[in-house]
Each structure stands twice: as structure tokens, then as C-alpha cells.
Amino acid sequence: MSDLSGASVLLRPSVLADAPALAAIRATPEVRARWLGEDDLAGEVVSDLEDPSTHCLTVWYRDRIVGLIQWYSEEDPGYRHAGIDLFLDPSVHGHGLGTDAVRTLARHLVDDHGYHRLVIDPAADNTAAIRCYEKAGFRPVGVMRQYERGADGTWHDGLLMDLVAAELVR
């Protein structure tokens with residue numbers, strides 16, 4: 001896979017050399033609250049990068065690593081679709097980079113891979129992420145009750161959102 005250029009971000013296939021910077025971003029309180037993780041975040045990032053079922057792209061902005069966007073697919077012909085996950089350095093939150101990254105990857109998945117439907121599943125209380133995904137064309141489908149376990153050990157709701165190819169905001 002080659003680099004994907006957005007309006008402001010560059011998405012590059014992740015390499016092991018990206019792991020320290022990505023682990024540092026994952027360690028920030030804002031990201032860790034959503035992505036959790038054990039004590040060895042660098043090891044977890046390396047494991048994610050080596051997982052053949054997930055395609056990881058490092059998000060670059062102004063020549064520095066600012067996050068990671070990844071995608072996975074369901075290839076059963078009756079249910080074929082792709083899903084996206086993303087985290088960004090809190091220092092770049094609120095500047096439209098998340099929307100740009102999601103839109104850039106969504107365009108690639110629709111145009112180059114032929115997916116007709118994409119999904120994303122932010123925490124139901126993550127209003128900033130939900131707004132970001134809506135700007136790219138994702139729409140809420142429904143609340144997934146007690147979907148994920150939080151750092152406090154309790155279960156939290158998730159919001160299933162999807163995007164049909166024709167609704168992608170280019």
C-alpha cells in the first residue's frame with residue numbers, strides 16, 4: 001500500500017520505527033482513557049502493527065507523527081464491509097486532522113478496495129469523535145449497550161456509526 005494524502009495529513013503504512021512515537025501518543029491521558037492498554041504500550045503498538053488482520057497507517061502532519069488510523073475488513077460476501085479506528089495526539093485535537101484522516105482512508109477504502117459500507121464505533125459519550133466522524137459522512141446507527149469495558153472496570157456504551165459509499169463527504 002502506498003501513502004495516502006489528505007488535505008492536511010499524510011497517511012503512511014506504519015513501520016516498526018513508528019512504534020515509540022505512537023506509544024508516546026497512546027500514553028497521553030486523553031488517548032489512554034479511550035484506547036486503554038497495559039503497562040507495555042510500546043509492545044502493544046508493535047503487536048498491533050504486526051497483526052495481519054489490521055492495516056495500520058501512521059498519521060503524519062507537518063513532518064511529525066500525530067497518530068494512527070487502522071482498518072480491518074469483513075470479507076464474507078454477504079456482509080462485506082470495512083471498519084476504522086483512530087487515535088490522535090491531543091496536541092492536534094480540534095484542528096480537523098481526525099476528519100481529514102478518516103475521510104482520506106474512507107475514500108481509499110471505497111475507491112480502491114470497493115467497500116460499499118464502512119463502520120466506526122466510538123464510545124457513546126465521545127462527542128468530539130462523533131462530530132469528527134459525522135463530518136466525514138458517518139451516521140449514527142444505534143447505541144451498543146455496555147459495549148466496552150472502561151479503565152474503571154465498568155461497561156460503557158458504544159455508538160455504532162456507518163457510512164455508505166454514496167454518502168462519503170469528499
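The model shown is predicted, which means the values in this text are computed figures rather than measured ones. Hydrogens, waters and symmetry mates play no part in the numbers below; they use all other heavy atoms, side chains included.
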Validation row: Ile69, Ile84 side chains within 4.5 angstrom (heavy atoms) | yes
Hydrophobic cluster membership, Val143 vs Val119, 4.5 Å side-chain cutoff = no
Looking only at heavy atoms, the pair that brings Leu163 and Ala136 closest together is CD1-O, 3.3 Å
Contacts of His113 that satisfy ring-ring contact (aromatic ring centres under 6.0 Å, His included) - sequence neighbours left out = Trp71, His108
Rounded to the nearest 0.5 Å, what's the gap from CG on Asp121 to CE on Met144? Could you check?
-> 4.5 Å
For Ile65, the rest of its hydrophobic cluster, which grows through side-chain links under 4.5 angstrom = Leu10, Leu16, Leu22, Ile25, Val31, Trp35, Val45, Val46, Leu49, Trp60, Leu68, Phe87
Within 6.0 angstrom of Arg139 CZ, more than 12 heavy atoms from elsewhere = no
Please tell me if the side chains of Arg170 and Arg107 come closer than 4.5 Å, counting only heavy atoms from C-beta onward.
-> yes
Within a strict 4.5 Å, meaning less than it, do heavy atoms of the Pro13 and His55 side chains meet?
-> no
So, for Leu86 and Ala101, which heavy atoms are closest and what is the spacing to 0.1 Å?
-> CD1-CB, 4.4 Å
Flag yes if Tyr72 and Leu4 sit in one hydrophobic cluster, no otherwise; membership is Ile, Leu, Val, Met, Phe, Trp, Tyr, and two members link when side-chain heavy atoms are under 4.5 Å apart.
-> no
Would Ile130 end up clustered with Phe138 when hydrophobic side chains under 4.5 Å apart are linked, directly or stepwise?
-> yes
Check the pair Arg80 / Arg117 against side chain to side chain contact (heavy atoms under 4.5 Å, CB included), numbers first and verdict last.
-> CA-CA 8 Å; Arg80 188 172 188 269; Arg117 181 173 171 270; over 6 Å; no
Are the side chains of Val169 and Arg103 in touch, meaning some heavy atoms are under 4.5 Å apart?
-> yes
Between Arg64 and Ser91, a side-chain donor and acceptor under 3.5 Å = yes
Using a strict cut-off of less than 4.0 Å between a Lys/Arg side-chain nitrogen and an Asp/Glu carboxylate oxygen, indicate whether Asp48 and Arg26 qualify as a salt bridge.
-> yes
Kindly indicate whether the side chain of Tyr147, heavy atoms from C-beta on, has any atom under 4.5 Å from the side chain of Asp157.
-> no
If we only count heavy atoms from C-beta on, is the Asp3 to Leu11 side-chain gap below 4.5 Å?
-> no
Hey, does the side chain of Thr99 reach the backbone of Cys132 with a donor-acceptor pair shorter than 3.5 angstrom?
-> yes
What's the spacing between Ile120 CD1 and Tyr133 OH if we round to 0.5 Å?
-> 4.0 Å
Is it the case that Asp89 and His93 place a side-chain donor and acceptor less than 3.5 Å from each other?
-> no
Say whether Leu88 and Leu41 are linked into one hydrophobic cluster, either directly or through other cluster members, by side-chain heavy-atom distances under 4.5 angstrom.
-> no
Examine Leu168 and Leu105 and state if one hydrophobic cluster contains both, with Ile, Leu, Val, Met, Phe, Trp and Tyr joined whenever side-chain heavy atoms are less than 4.5 Å apart.
-> yes
SB check Arg34 Asp85 (cutoff 4.0 Å) = no
